[in-house]
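These notes are about the structure you will find just below.
Atoms considered below: every heavy atom in the structure, side chains included; atoms not considered: hydrogens, waters and symmetry mates. Letters go in sequence order (proteins before strands), and every chain restarts at 1.
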Amino acid sequence: MPKSDSNPAIRIDELRRQLDDANYRYYVLDDPTIPDAEYDRLLRELDELESVHPELVTPDSPTQRVGATPSGAFSEVRHAIPMLSLGNAFSDEEIVDFERRIEQKLGRKRPKFSVEPKLDGLAISLRYEDGRFVRGATRGDGATGEDVTANLRTIKAIPLQLRGEGWPEVLEVRGEVYMPLADFRRYNEHALEHGGKVLANPRNGAAGSLRQLDPRITAKRPLAFYAYAVGEVEGGDLPDTHSQTLKQLREWGFPVSVESAVVAGADGLLGYYREVGKKRDKLPFDIDGVVYKLDDYEGQREMGFVSRAPRWAIAHKFPAQEQMTVVESIEVNVGRTGAVTPWVLMQPVQVGGVTVTRATLHNADQVARLDVRNGDTVIVRRAGDVIPEVVRVVPERRPAGTKPWSMPGLCPVCGSELVREEGEAVWRCSGELTCAAQRKEAIGHFASRRAMDIEGLGERLIEILSDSDSIRNVADLYRLTLDDLLTAKALLDSDSAEGFVELLGKSASQLTYQDEVVSDFSPTAWESLAEWNQRLPSGYAAKWNRAKVATKWAENLVEAIDRSRTTTLERFLYALGIQHVGESTAKALAGWFGDIELIRHLPWPLFKRVPDVGGEVARSIGHFLDQPGNQQVIDDLLERGVTITDTHPPSPKLRDGLTLATLLQDLEIPKVTKVRAEQLAAAFRGADALLDAPEHNYVTAGLPADSARGLAGWLEDEHHAKLLSDSAAALTRLLELTPAAAAAVQGPLDGQTVVLTGTLTGLSRDEAKAKLEALGAKVAGSVSKKTSFVVAGEAAGSKLDKAQELGVEIWDEARLLAFLAGHGV
DNA sequence: GATCCTCGAGTTCA
DNA sequence: CTCGAGGATC
């Protein structure tokens, strides 16, 4: 309690020192000396004194950790020295190689490394000027992060004022903000009891907390911090090894991982890896590996960097975590093309920090290979980065009396027969667009970002609109009314809540907030339930408010749909969802033909004029266009205001291939090869002459008997004859429409194939792709020896490795940007 | 006919 | 990201 007789300034100083010491002992030395209650009492006393003497408040006072005002947004911070990412290693061999490279380059045996656990948190940078914390930022993309100073100030493990002495005028300390496991659990327990927001896992908890706009919220989250590196330094010196620097940081008041150590040589590294691996489960925080850094700074400078990652450090990751769980059921999903994909529903299990409940089994063959059955205990793993997969079944845990799983005979959604093409792995529902699942998926695809890009049209909404018959096909989207959407919205809002009521075995009116305690539904689900529950008794005002919100929502959606009406041919073709026509093929078709009115009436063989389109794809497009229902949908779309803005004449490059000879090849007539097609084209003036000629005339034209027979036999089918004459007519019309080849504009990257990998910082992947294409390059998705060069952004993965393996040229982002700038893009 | 490249399609979770 | 299969090439 404040004592009126003592000098308040002196008492305030004393309290601050006591509190700082307590913090230091608690967070840095891990050796608390005063009980929490005592700490709180001192803090309260300080707070009261300061409120009586506001002139004595300083920004580094322990009471000033929580700023009062939420900010509108985070401003950007440019890192003076980029915050790099580390290369990853998963195997012992990679570590041995890493160490050997350093030995060779430095000409030193068994170099020393500073080693420490790699925390699974959020990398941040802290800037101190004259020993005072002035700014903190997230790592962001490495070059630029977000200013989260106000939030970082609330973390007690971060000193507001450096201790000791001898610190540089400007010191930037880097480290990881994380949430200790015990605190994370305690926080969630509390949140569940008091209806707060439950955090998904410690990592996301830490990341989400730092992104709070209101620091008062961040202050309530149990965040901690470990320093692991130094960034910018001005006006002062640091020791010349990393381990000494860490020690120095500790003296200045930063927590440094107690597990950090110094080891020598590859064997030292691997020994440390195993040691930490054993302790992993007992550590008070999540780690995903260990980090090795060459200890002396001079060696580090000598080693330098490879495209954005230091050559003197590496992260040795622990293997993807595997977990055991139980299969609750094996379900199937019906995709846009009717593909029926089996997947497992499992009892929730934590794998690598997230809760996994489902995993795909890809296809029936995979299920048979694994022999997964209902009730089986299985091992799940998060493959690569994210996607859960079933590794194997644990046979000794299989319950008695199970039978192997088999694909159902009928589509679970529409009851049509499931069929499998000869030699194909997938089973498909034969219901096509009569199948509700396929219709929904088709609409979802149409609305997706890379297709028509209708924002806000989610899966569940499509389901509701589709089930209520408001939309039967994609064209119906363009005559949805506000009323349709409002009706759907009501269902959308209620269905989550209805489900809970049922589960709890209560009627809606019996529900109270108390019910939250008895169950463990997700926080968002509880939120919507609570909201929905509130509206029941409260009557008019609440309903009115909800109606307003819903109307605004519906208006926004109508506007989004309206915006999507203006589109490009490429997007339009892709959106139609023709089998085998993805983004790349849609783009090619758009580029070569240029006009939907032309394309929609083209016989299928003409599509083979487009590179990378062969018989299978061409037929698939033809099949789609042959169906009157599909033509009707195209009509309706255009009639309801869909406008293609980039209609243009066919590409001049088409001209070369528009001959009777190529057409005859493209028709895939039995026994008619390239040579025979050319002979026929030379002997007959046009398709009509060919159609009218008797078989022996083909022989006269120089064809061997079997080819002549093949052609004649093929033409006996009147569909074939019609296809030939239609195609020939289309060919003639195309020729008329196609402008003569203009002088080809030479792009600097003509004929080159480029692959992008990793995260680019200066521009988005799509932008980079567009710019490279503008210079004539082809941007491909995977690396091969034909690749001209690979642009490796940050955290580049397997594609970069592949490129190195094949000796393909690698550009970093800077080089790409310089090149693009040099060519005016 | 074999082989190598690409593209398409399906997928999970926050 | 990964798998499967279509297309191009030799």
Side-chain angles (χ1 to χ4, degrees), chain A residues 197-208 211 320 331-346 348-366 369 380-390 420-428 437-438 441-442 444-445 448 450-451 459 522-524 573-574 577-589 607-621 666 668 674 753-755 757-758 778-788 795-799 802 806 808:
Chain A
K197 189 171 156 49
V198 177
L199 306 173
N201 60 49
R203 207 205 102 81
N204 291 355
R211 298 213 74 255
E331 315 274 342
V332 294
N333 184 43
V334 182
R336 167 168 71 85
T337 62
V340 179
T341 318
W343 54 277
V344 276
L345 184 65
M346 298 166 293
V349 64
Q350 290 282 320
V351 189
V354 304
T355 312
V356 170
T357 53
R358 32 163 66 204
T360 178
L361 294 168
H362 299 295
N363 54 49
D365 293 349
Q366 172 83 352
R369 229 180 349 260
V380 252
R381 166 171 71 190
R382 294 217 298 154
D385 252 357
V386 272
I387 298 171
E389 66 175 0
V390 174
R420 163 136 85 164
E421 292 277 314
E422 188 102 7
E424 278 204 342
V426 293
W427 287 84
R428 284 179 204 280
Q438 292 190 51
E441 296 283 337
H445 170 79
S448 67
R450 313 199 74 107
E459 201 178 310
S522 76
T524 42
L573 288 171
Y574 174 62
I578 303 167
Q579 237 188 89
H580 295 125
V581 179
E583 263 189 291
S584 160
T585 310
K587 182 176 198 154
L589 289 167
F607 292 116
K608 287 173 73 177
R609 294 294 85 229
V610 176
D612 295 326
V613 174
E616 196 72 24
V617 178
R619 266 180 229 271
S620 167
I621 304 168
D666 290 345
E668 299 175 9
K674 184 172 182 218
T753 306
V754 184
V755 174
T757 180
K778 191 166 177 262
V779 178
S782 58
V783 181
S784 70
K785 62 184 177 204
K786 280 202 201 158
T787 308
S788 313
S798 60
K799 283 189 267 189
K802 179 103 188 255
L806 294 171
V808 171

Indicate, with a heavy-atom threshold strictly under 4.0 Å, whether A:Val426 touches base, sugar-phosphate, or nothing. nothing
Measuring to OP1 and OP2 of C:dC3, would you say a side-chain N or O of A:Asn363 lies under 4.0 angstrom away? no
What is the distance from CH2 of A:Trp343 to P of C:dT2, rounded to the nearest Å? 23 Å
Nucleotide B:dA9, atom C1' - distance to CD of A:Gln579 in whole Å: 10 Å
For A:Glu616 and A:Lys608, run salt bridge (Lys or Arg N to Asp or Glu O under 4.0 Å): C-alpha distance rounded to whole Å, both residues' side-chain angles, the deciding distance at 0.1 Å, then the answer. CA-CA 9 Å; A:Glu616 196 72 24; A:Lys608 287 173 73 177; over 6 Å; no
Using a cut-off of strictly less than 4.0 Å, decide whether A:Thr341 has a side-chain nitrogen or oxygen near OP1 or OP2 of B:dG10. no
I'd like to know if A:Asp365 pairs up with A:Arg420 as an ion pair, taking the criterion as any Lys NZ or Arg NE/NH1/NH2 lying under 4.0 Å from an Asp or Glu carboxylate oxygen. yes
In whole angstroms, how far is the P atom of C:dG7 from the CZ atom of A:Arg609? 13 Å
Crowded around A:Glu459 CD? As in, over 12 foreign heavy atoms under 6.0 Å? no
Can you check the A:Arg450 CZ to B:dG8 C1' distance for me, whole Å? 13 Å
With the side chain of A:Asn333 defined as its heavy atoms from C-beta on, choose the nearest nucleotide among B:dT11, C:dG7, B:dA9. B:dT11
Return the nearest nucleotide to the side chain of A:Ala339; candidates are B:dG10, B:dT11, C:dG6. B:dG10
Short side-chain N/O contact from A:Lys778 to OP1 or OP2 of B:dC7, under 4.0 Å: yes
A:Thr341 side chain reached by A:Val332 side chain, heavy atoms, under 4.5 Å: no
Establish, with yes or no, whether the OP1 or OP2 oxygen of B:dA9 is under 4.0 angstrom from a side-chain nitrogen or oxygen of A:Arg336. yes
Any side-chain N or O of A:Thr337 less than 4.0 Å from the OP1 or OP2 oxygen of B:dG8? no
Base, sugar-phosphate, or nothing for A:Gly208, non-hydrogen atoms under 4.0 angstrom? nothing
Mind checking A:Thr787 for me? I need base, sugar-phosphate or nothing, with any heavy atom below 4.0 Å counting as a touch. nothing
With rounding to the nearest 0.5 Å, note down the distance linking OG in A:Ser448 to CZ in A:Arg336. 8.5 Å
To the side chain of A:Asp612, which of B:dC13, C:dG7, B:dG8 is closest? C:dG7
With a cut-off of less than 4.0 Å, is there a side-chain N or O of A:Ser584 near OP1 or OP2 of B:dT6? no
Without decimals, in angstroms, what is the distance between A:Met346 CE and B:dC13 P? 8 Å
Which whole-number value in Å describes the distance from A:Glu389 CD to C:dC1 P? 14 Å
note: A:Lys587, atom NZ; B:dG8, atom P; distance rounded to Å ~ 12 Å
Return the value, rounded to whole Å, for the distance between atom NZ of A:Lys608 and atom P of C:dA8. 9 Å
